[in-house]
Structures are given as structure tokens and as C-alpha cells.
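Remarks on the structure that follows.
Start at 1 and go down the list; that is how both ligands and their atoms are numbered. Bear in mind that the values here come from a model prediction, so they are computed numbers and not experimental data.
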Amino acid sequence: MTTSAIGYPRIGKLRELKFAIESYFKGDKSQAELITIAKGLRKAHWQQQATSQIEHISSNDFSFYDAVLDTACLLNVIPNRYQKLALPELDQYFAMARGYQGDKGDVHALAMKKWFNTNYHYLVPEIESNTDIKLVGTKPFDEYQEAKQLGIETKPVIIGPLTFLKLAKITAGQNYQHYLDATIKAYSDIIAKFAALGVTWLQIDEPILVTDLNQHDIANFEKIYQTLLSQKGSVKILLQTYFGDIRDCYSQVIALPFDGIGIDFVEGKESLALLQKYGFPADKQLFAGVVNGKNIWRNNYAKTLSLLTQIKQKTANIVINTSCSLLHVPYTLQSETKLTIAQKAYLTFAQEKLQELAELGQLFKEHDPKQHAAYKSNQTLFTREREGTNQAIRQKVSALTEQDFVRLPEFSHREVIQRQTLNLPPLPTTTIGSFPQTSDVRVNRAQFKKGEITLEQYTAFNKQKISDCIELQEVIGLDVLVHGEFERNDMVEYFGESLNGFIFTEKAWVQSYGTRCVKPPVVWGDISRSKPITVEYSEYAQSLTDKPVKGMLTGPVTILNWSFPREDISYKDSVFQIALAIADEVLDLEAAGIGIIQIDEAALKEKLPLRKADWHSEYLDWAIPAFRLVHSKVKPQTQIHTHMCYSEFTDIIKEIDQMDADVISFEASRSNLEIIDVLKQNNFKTEVGPGVYDIHSPRVPSTHEIRQTIEKLLTKIDKQKLWINPDCGLKTRGEQEVVASLIHLVKATQDVRLEL
Ligand SMILES: CN1c2c(nc(N)[nH]c2=O)NC[C@@H]1CNc1ccc(C(=O)N[C@@H](CCC(=O)N[C@@H](CCC(=O)N[C@@H](CCC(=O)O)C(=O)O)C(=O)O)C(=O)O)cc1
Ligand SMILES: N[C@@H](CCS)C(=O)O
Ligand SMILES: [Zn+2]
């Protein structure tokens with residue numbers, strides 16, 4: 001029985017790559033130094049997998065920013081605006097990722113979107129009418145050879161042509177079909193080059209196959225691979241899918257002459273049934289994704305071995321695989337010094353998952369695996385009840401009735417009441433919540449966590465930051481202020497740390513985009529709130545100004561989606577427990593005199609099933625009610641805001657309106673305000689703040705640019721319903737950029753107001 005890992009995390013056990021790249025951005029490290037660090041990390045990751053007896057180790061799973069961006073560069077998909085900058089190759093790459101503002105020009109970054117149903121983000125390739133798709137890069141070949149020189153034979157991994165084309169943004173008036181032949185040719189060249197290098201296996205990732213496909217896509221898939229597989233020569237091709245099942249094209253996939261097919265048996269709820277119905281060809285290897293690459297719970301060997309036994313009835317050519325790349329889990333439990341031994345026993349991160357793969361491989365070979373120590377110790381975990389049950393919370397959840405999910409009076413009445421109460425100017429200006437998390441803010445938190453300063457010193461520092469932040473916003477002239485979130489390490493981890501039922505880690509970082517990482521808390525037991533979390537700082541901020549200061553909370557769906565969720569109770573039960581805790585916080589803020597409360601649901605879209613047929617039954621039917629539960633009991637005067645990072649909710653626009661918030665702000669600028677037409681078509685009732693500039697990029701938008709955006713928004717959105725704000729929180733930005741951008745935002749709004 002052989003084992004395989006689809007991909008390994010690349011940011012570094014202690015985020016070495018993040019710090020190296022950020023130093024390079026600041027000019028503190030040279031390109032050569034950055035490349036040396038990257039090389040060292042790749043070596044460590046390959047060697048780790050080799051030591052863990054993984055046979056199929058990936059190369060080219062490394063990236064300086066994102067693998068889709070790497071593929072775009074490999075295939076010459078470089079928009080003209082970046083080429084015109086005439087920057088060195090690596091700087092051009094980073095300009096595509098982050099935008100560029102300097103002596104060579106001023107350009108926007110590529111759009112950034114969620115990578116399927118994960119908290120990882122990819123850069124959207126832009127194919128322009130004059131894009132000449134062809135193989136121009138060498139990264140996958142270089143990294144394969146680099147591993148080979150270390151004595152490690154890897155399977156290079158590349159993003160497949162269909163996934164690449166379907167994710168790309170294509171110049172208006174054309175579709176991906178137009179670029180199909182050129183793309184096939186480029187991939188033929190890639191395969192030929194790998195063949196020349198003596199590659200044994202090449203992994204081609206086509207996660208797009210787990211989404212809803214039409215006949216046209218399936219025909220294109222067949223066309224692509226009939227051509228590529230006819231030219232594969234000595235290279236064995238593994239078609240790798242993940243994040244779900246391939247129900248739309250299973251029969252077409254198995255009919256093609258792939259040497260291996262990677263199927264996800266963790267998230268692919270129909271994978272086993274497909275295998276049982278259509279069988280599996282004897283001449284291929286099935287890379288069975290049975291070790292969860294997204295969650296951090298120890299694999300239940302009894303269940304997995306039983307699954308593998310069922311798979312074996314259809315094929316004996318099984319490779320034990322992860323369900324997706326291990327990019328989505330942290331490095332290693334070994335870095336955790338504060339988790340108890342009992343807690344650690346339940347958890348596995350990337351490194352420990354390698355051991356799971358190897359153990360499963362061993363056990364599955366055995367005649368009677370139950371006799372083995374690895375099996376026995378694994379099973380003891382699943383037979384005893386885990387601590388953390390809270391019967392009172394469970395009863396509260398089961399006693400919920402329909403009324404608990406309905407806020408009265410209805411929106412149109414509240415809108416009138418709130419307009420009178422708040423008395424805001426037209427096009428109110430605001431921000432999304434966080435202000436720059438500068439190094440002094442992080443140092444203060446780190447010192448407090450290490451016990452180097454007292455709680456009083458820690459709090460006094462934060463209050464000074466809040467006071468400065470309020471003053472700054474007043475000077476800039478914003479209408480609805482925020483306290484700045486200086487006390488928060490992260491919008492989810494912070495709440496996790498403040499609620500009962502979560503456990504947290506010290507070094508369990510997971511890449512979110514580029515150099516940015518998150519450290520998701522772990523839902524360990526039933527969730528409850530024992531005391532107010534945010535009230536003191538919000539109340540303090542409000543005491544400093546006559547302008548309204550928004551209370552700032554993270555919503556239950558986002559807390560769950562950006563944590564590692566439990567697998568022993570349903571998501572619905574978990575989310576309702578969190579919703580009840582946040583609902584208490586909402587009422588406490590209201591009682592403390594906070595008139596506007598923002599409940600961020602940045603990650604609402606994240607766990608929306610990739611298949612439309614599953615949307616309601618598996619997700620929306622509890623996710624939307626969970627949000628309603630949080631604010632259903634507030635007074636009509638209290639204005640409830642929500643925020644979503646990505647405007648990718650076109651298809652669920654009605655459900656978003658049914659969250660029944662009073663105002664929603666969302667990312668729109670990187671996706672060119674595409675959402676606003678949909679709002680109009682759907683008579684969206686909630687007031688809206690589509691972000692007027694991109695905060696993921698360091699570039700400062702001009703007043704003119706923001707003014708044009710506002711004018712564009714006003715052509716589609718009623719002026720009574722429009723708010724003006726950036727895309728998302730400002731925590732990743734520098735102070736100077738933020739001040740300049742917000743001054744431009746306010747000035748642009750004031751100019752437009754004169755013409756209303
Ligand atoms: C809005 N987004 C978010 C997502 N997911 C979340 N969980 N949270 C989000 O906000 N998904 C979608 C987007 C993604 N966007 C971002 C934006 C920014 C970041 C980010 O800036 N991440 C930081 C890490 C933030 C953090 O928690 N910092 C800690 C510092 C921790 C640390 O470095 N500790 C040191 C030790 C320090 C010492 O002892 O001196 C260590 O562990 O080594 C803090 O502020 O306390 C980043 O730097 O990447 C992420 C996603
Ligand atoms: N209030 C949060 C939302 C980020 S999605 C922030 O401003 O950072
Ligand atoms: Zn956001």
C-alpha cells in the first residue's frame with residue numbers, strides 16, 4: 001500500500017516564508033536571500049515527507065504568493081498593465097499579487113477570490129484579448145530538479161487546464177473556449193518537458209470537477225485530456241480532484257487513459273456511491289483521499305479502514321492519500337506547548353497527518369489490523385466521551401422557537417426609525433472596523449501574553465490607541481466611527497479566546513492569502529459566554545465622541561467557518577450555540593448605549609456547498625437563521641450592520657437580504673463592482689456599502705478614482721441606501737496609506753454630496 005500527499009504547507013513551520021517575503025517587500029532582504037530561504041523550506045518539507053515514508057511527495061506546491069498566480073505566470077497570462085511596468089520578473093509577480101504604486105507606474109492587483117470552500121484565497125488570472133497563452137516559465141521543472149538533487153523523486157503538481165481556464169477572468173465578449181487550443185498546447189509542452197526530465201508521476205489538479213459542470217465543460221474536459229493523454233509518453237498522469245465528489249463526470253473521467261485518479265472520500269459525499277455504481281478500471285491507481293486535509297481531528301482508523309475495505313471491493317490499486325492539500329492545516333502539534341496531552345491526542349496537523357497516512361497504509365496491509373497498537377490506541381479516543389458538554393446550552397438550543405429568529409418591526413419600519421434616530425448625512429462614510437495593527441499594537445499584546453506587562457498596562461495602551469483612532473476619524477471627517485479593534489489578534493481567534501468551549505494554539509498558522517496567515521481556534525466543547533467580551537472597549541470609544549461608534553462583533557457563521565469545527569455534533573448545533581453567545585453580547589452592547597452594532601459575517605459564503613443542489617438543505621437553512629438569531633431581540637432604533645469580505649454572493653442575494661441586517665458592507669472594488677447590478681435586479685432591501693477601494697493592496701486610491709466609483713454606484717443604488725466605506729478592515733495596511741486613503745474617501749463623498 002503506497003501513500004501520497006496532495007500538497008504540503010509552504011509558509012514554514014514558524015512562518016519563515018512570510019517573514020522573508022515581507023522583509024523583501026520592505027527592502028530589508030535581497031532577492032537572493034529570499035530565494036535561499038525558500039529553497040531551505042522546500043528542502044525541509046520534502047525531507048519531512050520522505051522521513052514519514054510518503055511515496056508520492058509533491059513538488060511545485062511551493063509558492064511565493066499563490067499557485068494560481070504561479071500558473072498564470074507559467075502560461076504567459078500576464079496582463080498588459082503589468083508588462084508595461086517593465087519590472088524584474090519577481091517584482092512583476094508581486095505587482096500582480098499586490099498592485100504596484102511607484103516610479104514605474106500605478107496599477108491595481110489582480111482580483112482575489114476564495115479558493116473553493118476554503119479560507120485560502122487565489123489570484124484571479126486575467127486573460128486579455130491579446131494574451132498569447134504558451135509555456136514561458138520554468139518553476140515546476142526547476143523545483144522538480146531541486147528535489148531530485150536532494151535525492152527525492154517527487155510528483156510535480158500543476159493546476160489543471162480546465163480549472164485554470166474556468167477560474168480566469170476573460171475579456172468581455174469572449175469565453176474560455178477561445179483559449180482552449182492554446183492552453184492544451186501549453187500543457188502538452190509542460191508534459192513533454194517533464195517527460196524529458198524523467199518525471200514518473202505528474203499530478204494535475206482539477207478541483208473544478210467537484211463543482212456543478214454543464215455538458216459543454218465536460219466535453220471540453222474530454223477534449224483537453226484526450227489530447228494531453230495521447231502525448232504523455234512515459235509520464236504517468238494523476239488527475240487529482242478534491243473538496244467534493246465528481247458526480248457530473250465520473251464516468252467520463254474513468255474512461256480516459258489516466259494512470260491515477262485522485263478522489264476525495266472525505267468531502268465527496270457521493271464518491272463511494274459513484275465508485276460502487278460505475279466501478280474503477282483495473283489499469284489505474286485510485287488515490288483515495290481518506291485523511292482529512294482541512295480539519296485537525298485525528299483520523300478514526302476503524303471508519304477509514306472500513307471505507308478502504310469497501311473501496312477495495314472495486315479496486316485493489318489503492319494509494320492512501322490526503323483529501324486535499326495539507327496547505328489548509330497547520331504544520332505540527334510539536335510546536336504547541338500549552339495544549340494538554342489529552343487534547344493533543346485528538347489532534348493532527350500536517351506533520352502528524354503524514355504519520356496517519358503511513359499508519360493507515362500499514363494497517364490496511366494487515367490481516368487483522370485490530371490487533372495492532374496503532375489501531376488500539378487510535379480507537380480508545382473514539383470510545384470515550386470528550387469533556388466539554390454543557391447541558392444548559394444544549395437545552396437552550398433545543399428550546400428555540402420560530403419567534404427567536406424574527407426581528408420586529410420589519411425592515412422598512414426600522415429604516416425610517418433609524419434615519420430619524422441616527423440623523424446621518426446622505427452617503428454616510430464609515431470603515432469596516434480594524435485600523436492598522438502596527439508593531440506597537442502587536443508588541444503590547446505579545447508582552448501581555450508573555451506576562452511582561454499587567455492587564456492594566458495592556459488595557460491602558462489599547463485605550464490610548466482607541467482614543468487616537470477616534471480623534472483621527474473625527475479629523476478625517478468620517479460619520480460613523482469604529483474603535484479600531486486594537487485588542488484583537490484576529491476577528492475569530494479573539495472571540496474564540498473569549499468564549500467557553502474553544503481551545504487555541506500558539507503556532508498553528510494556516511495561510512489565508514499571500515503572506516497573511518490565520519490561527520483558527522478549535523471548537524472543542526459546547527460554546528457559551530460567561531461575561532461580556534467587547535463592551536468595555538466599545539463603551540470607552542463611544543464616550544470619546546458625539547458621533548456614533550459601531551460595536552464590532554464577529555457573527556456565528558464566520559466564527560464557526562474560520563475555526564476548526566467539531567465533527568461529533570452538527571454544524572447547525574455548533575453555530576446556534578455560538579449565535580446564542582453573540583446574541584447576549586449584542587444585547588449587552590445595546591444596553592451600554594451602542595446604537596450601531598456591526599456583526600461581521602465575512603465567511604458566510606465559505607462553507608456554502610459547491611453544488612447548488614446542496615445549498616439549502618446542507619447550509620443556508622441553518623446559516624441564515626443563525627445570523628437572525630443573533631440580532632432578533634434588539635430595539636428598532638439599534639442599527640445592525642453586517643460585513644462580508646467578498647461579493648461572491650450573487651447567487652444567494654435573496655438569502656443575504658433575509659439575514660435582515662439594516663446595512664451590509666462588502667468587498668466589491670477588486671471585482672469591479674459586478675455585484676451592484678444584481679442588487680438592483682433583486683430589489684435588495686438592505687442598505688449597502690460596496691467597498692469603494694481595495695484594502696488588500698498598499699496603493700492609495702485618488703479622490704478622483706473614488707469619486708468615479710461612487711458615481712457609478714449611484715447609477716444603480718438609491719442614494720438613500722448607499723454607504724461609503726473601504727472593502728474590508730484596515731488591519732493589514734500601514735498608517736500613512738490608511739490616512740491618505742480615508743481622506744480621499746471622505747473628500748470624494750463630500751464632493752458627490754454637493755451634486756445629490
Ligand atoms: C478578513 N480575513 C480573515 C480571514 N480569516 C480570519 N480568521 N480572519 C480574517 O481577518 N479570512 C479572510 C480574510 C483574510 N485576511 C487576513 C487579513 C490579515 C491577516 C493577518 O494579518 N494575519 C496576521 C496574523 C494576525 C495575528 O493573529 N497576529 C498576532 C501576532 C501573532 C504572532 O505573530 N505571534 C508571534 C509571537 C509574538 C511574540 O511572542 O512576540 C508568533 O506566533 O510567532 C497578534 O496580533 O497578536 C499575519 O501576520 O499573517 C490574516 C488574514
Ligand atoms: N471588522 C473586521 C472585518 C474583517 S472581514 C475588520 O475590520 O478587520
Ligand atoms: Zn472583510
Side-chain angles (χ1 to χ4, degrees), residues 11-19 21-22 112-115 118-121 328 330-331 335-338 430-452 458 462 469 482-497 504-521 534 550-555 558-564 597-606 641-648 664-670 689 691 694-696 725-733 738:
I11 204 79
K13 192 166 163 182
L14 298 171
R15 294 179 295 160
E16 294 86 345
L17 185 62
K18 166 200 171 65
F19 297 118
I21 296 173
E22 288 177 357
M112 190 164 71
K113 285 191 179 167
K114 287 229 162 256
W115 179 241
T118 73
N119 193 4
Y120 177 77
H121 306 72
H328 309 291
Y331 268 76
S335 305
E336 300 305 320
T337 61
K338 297 199 175 131
T430 189
T431 62
I432 305 305
S434 58
F435 266 66
Q437 287 266 329
T438 41
S439 55
D440 56 336
V441 175
R442 294 205 197 277
V443 165
N444 181 51
R445 189 162 36 247
Q447 285 179 333
F448 175 57
K449 285 197 172 169
K450 284 185 205 152
E452 292 168 4
Y458 171 71
N462 283 336
C469 185
V482 294
H483 76 284
E485 302 183 26
F486 301 107
E487 76 287 10
R488 303 184 190 182
N489 43 9
D490 171 74
M491 60 186 284
V492 167
E493 198 183 357
Y494 174 74
F495 284 91
E497 285 172 356
F504 4 86
T505 56
E506 293 162 85
K507 305 282 179 205
W509 294 100
V510 178
Q511 192 178 7
S512 181
Y513 70 90
T515 62
R516 298 291 173 176
C517 299
V518 293
K519 191 146 57 61
T534 64
K550 289 191 272 190
M552 194 57 62
L553 303 175
T554 303
T558 298
I559 292 182
L560 185 75
N561 285 354
W562 285 348
S563 301
F564 288 118
I597 302 170
Q598 180 173 308
I599 308 163
D600 291 327
E601 279 298 14
L604 186 96
K605 181 80 193 293
E606 190 158 306
H641 289 218
T642 189
H643 161 75
M644 292 181 192
C645 291
Y646 302 89
S647 57
E648 291 267 283
I664 174 171
S665 60
F666 49 85
E667 181 277 345
S669 65
R670 260 197 177 195
D694 171 21
I695 64 85
H696 293 98
N725 45 259
D727 261 337
C728 186
L730 303 167
K731 62 189 164 201
T732 58
R733 299 275 55 95
V738 162

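The minimum heavy-atom distance linking Lys449 with Asn489 is given by the pair NZ-ND2, 3.3 Å. Taking each heavy atom of Asn119 and Lys114 in turn, the nearest pair found is OD1-NZ, 3.3 Å. A pairwise comparison of heavy atoms in Thr558 and Thr554 identifies CG2-CG2, 3.7 Å as the closest pair. Lys550 and Val482 make their closest contact through CE-CG1, 3.8 Å (heavy atoms, listed as atom of the first residue, atom of the second, distance). When all heavy atoms of Ser335 and Glu506 are compared, the closest pair comes out as O-OE2, 4.2 Å. Pairing each heavy atom of Cys469 with each of Gly484, the nearest pair is SG-CA, 4.2 Å.
You'll find the side chain of Glu487 reaches within 4.5 Å of the side chain of Tyr494, heavy atoms only. Here the side chains of His641 and Asn725 are not in contact, with every heavy-atom distance at 4.5 Å or above. Using a 4.5 Å heavy-atom threshold, the side chains of Leu730 and Thr431 count as touching. Using a 4.5 Å heavy-atom threshold, the side chains of Phe495 and Leu553 count as touching. Put simply, the side chain of His328 reaches to within 4.5 Å of the side chain of Tyr120, judged on heavy atoms. Using a 4.5 Å cut-off on side-chain heavy atoms (C-beta onward), Leu14 and Lys507 make contact. For the pair Cys645 and Lys605, the minimum side-chain heavy-atom distance is 4.5 Å or more. Within the 4.5 Å cutoff, the side chain of Lys519 has heavy atoms near those of the Thr505 side chain.
Counting heavy atoms under 4.0 Å from ligand 1, residue Thr515 touches it through the backbone alone. Contacts with ligand 1 closer than 4.0 Å are made by side-chain heavy atoms of Cys645 only, the backbone lying farther away.
Near Lys18, meaning under 4.0 Å from any of its heavy atoms, are these atoms of ligand 1: 47 (C), 48 (O), 49 (O). Close approach of ligand 2 to Lys731 is summarised as follows: ligand atoms under 4.0 Å from at least one heavy atom of the residue are 8 (O). Near His643, meaning under 4.0 Å from one of its heavy atoms, ligand 2 places the atoms 3 (C), 5 (S). Close approach of ligand 1 to Asn489 is summarised as follows: ligand atoms under 4.0 Å from at least one heavy atom of the residue are 25 (C), 26 (C), 27 (O), 44 (C), 45 (O), 46 (O). Short contacts between ligand 2 and Ala602, defined as distances under 4.0 Å to a heavy atom of the residue, involve ligand atoms 5 (S). Counting the atoms of ligand 1 from 1 in the order shown, those under 4.0 Å from a heavy atom of Tyr513 are 14 (C), 15 (N), 16 (C), 17 (C). In the vicinity of Gly433, heavy-atom distances shorter than 4.0 Å reach the ligand 2 atoms 7 (O). Shown in contact with Cys728 at under 4.0 Å from a heavy atom are these atoms of ligand 2, numbered in order with element: 4 (C), 5 (S). For ligand 2, the atoms lying closer than 4.0 Å to a non-hydrogen atom of Met552 are 1 (N). Short contacts between ligand 1 and Val518, defined as distances under 4.0 Å to a heavy atom of the residue, involve ligand atoms 5 (N), 6 (C), 7 (N), 8 (N), 50 (C), 51 (C).
With hydrogens and angles disregarded, a donor-acceptor distance shorter than 3.5 Å links the side chain of Gln437 to the backbone of Glu485. Of the possible donor and acceptor atoms, one in the side chain of His643 sits under 3.5 Å from a partner among the backbone N and O of Ser665.
The protein heavy atom nearest to atom 37 (C) of ligand 1 is Ala446 CB, 4.1 Å. Atom 31 (C) of ligand 1 has as its closest protein heavy atom Trp509 CZ2, 3.5 Å. Among all protein heavy atoms, the one lying closest to atom 4 (C) of ligand 2 is Met491 SD, 3.4 Å. With respect to atom 9 (C) of ligand 1, the closest heavy atom belonging to the protein is Asp490 OD1, 3.5 Å. Of the protein's non-hydrogen atoms, Trp562 CH2, 3.7 Å is the one closest to atom 2 (N) of ligand 1. Of the protein's non-hydrogen atoms, the one nearest atom 11 (N) of ligand 1 is Asn119 OD1, 2.7 Å. In terms of protein heavy-atom proximity, atom 20 (C) of ligand 1 is nearest to Arg516 CD, 3.7 Å.
Backbone and side-chain nitrogen or oxygen atoms of Asp600 are examined, and one is located within less than 3.5 angstrom of a nitrogen or oxygen of ligand 2. The shortest N or O to N or O distance between Ser434 and ligand 2 is below 3.5 Å. Inclusion of Lys507 in the set of residues having an N or O under 3.5 Å from an N or O of ligand 1 is warranted. Distances between N or O atoms of Thr732 and those of ligand 1 include no value under 3.5 Å. Taking only nitrogen or oxygen atoms, main chain and side chain alike, Arg445 reaches within less than 3.5 Å of ligand 1. On a distance-only criterion, Cys645 and ligand 2 share no N/O pair closer than 3.5 Å.
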* To do: Show your reasoning for whether side chain to side chain contact (heavy atoms under 4.5 Å, CB included) applies to Met491 and Trp562.
  => CA-CA 9 Å; Met491 60 186 284; Trp562 285 348; 3.7 Å; yes
* Checking side chain to side chain contact (heavy atoms under 4.5 Å, CB included) for the pair Arg15/Thr515: CA distance, chi angles, key distance, verdict? -> CA-CA 9 Å; Arg15 294 179 295 160; Thr515 62; over 6 Å; no
* side chain to side chain contact (heavy atoms under 4.5 Å, CB included) assessment of Met644 paired with Glu667 -> CA-CA 7 Å; Met644 292 181 192; Glu667 181 277 345; over 6 Å; no
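One option in Glu493, Gln511, Arg15, Lys114 has a heavy atom closer to atom 41 (C) of ligand 1 than any other, and that option is Arg15. The option with the heavy atom closest to atom 50 (C) of ligand 1, from among Ser512, Ser563, Cys517, is Cys517. Relative to atom 25 (C) of ligand 1, the option among Arg442, Lys519, Gln437 with the closest non-hydrogen atom is Arg442.
Using a non-hydrogen distance threshold of 4.0 Å, Gln447 does not register as a contact of ligand 1. Using a 4.0 Å heavy-atom cutoff, Lys731 is listed among the residues neighbouring ligand 1. Under the 4.0 angstrom criterion for non-hydrogen atoms, Val443 is not in contact with ligand 1. Residue contacts with ligand 1 include His121, since one or more of its heavy atoms lies under 4.0 Å from the ligand. Within the 4.0 Å heavy-atom shell around ligand 1 one finds Lys450. Heavy atoms of Lys449 stay at 4.0 angstrom or farther from ligand 1.
Here the Zn ion (ligand 3) is the vertex; the SG atom in Cys728 and the SG atom in Cys645 give an angle of 110° (to 10°).
When the N, O or S atoms of His643 are ranked by distance to the Zn ion (ligand 3), NE2 comes first.
Using bins of under 30°, 30° to 60° and over 60° for the plane-to-plane angle, the ring pair Phe448/Tyr458 lands in the parallel bin.
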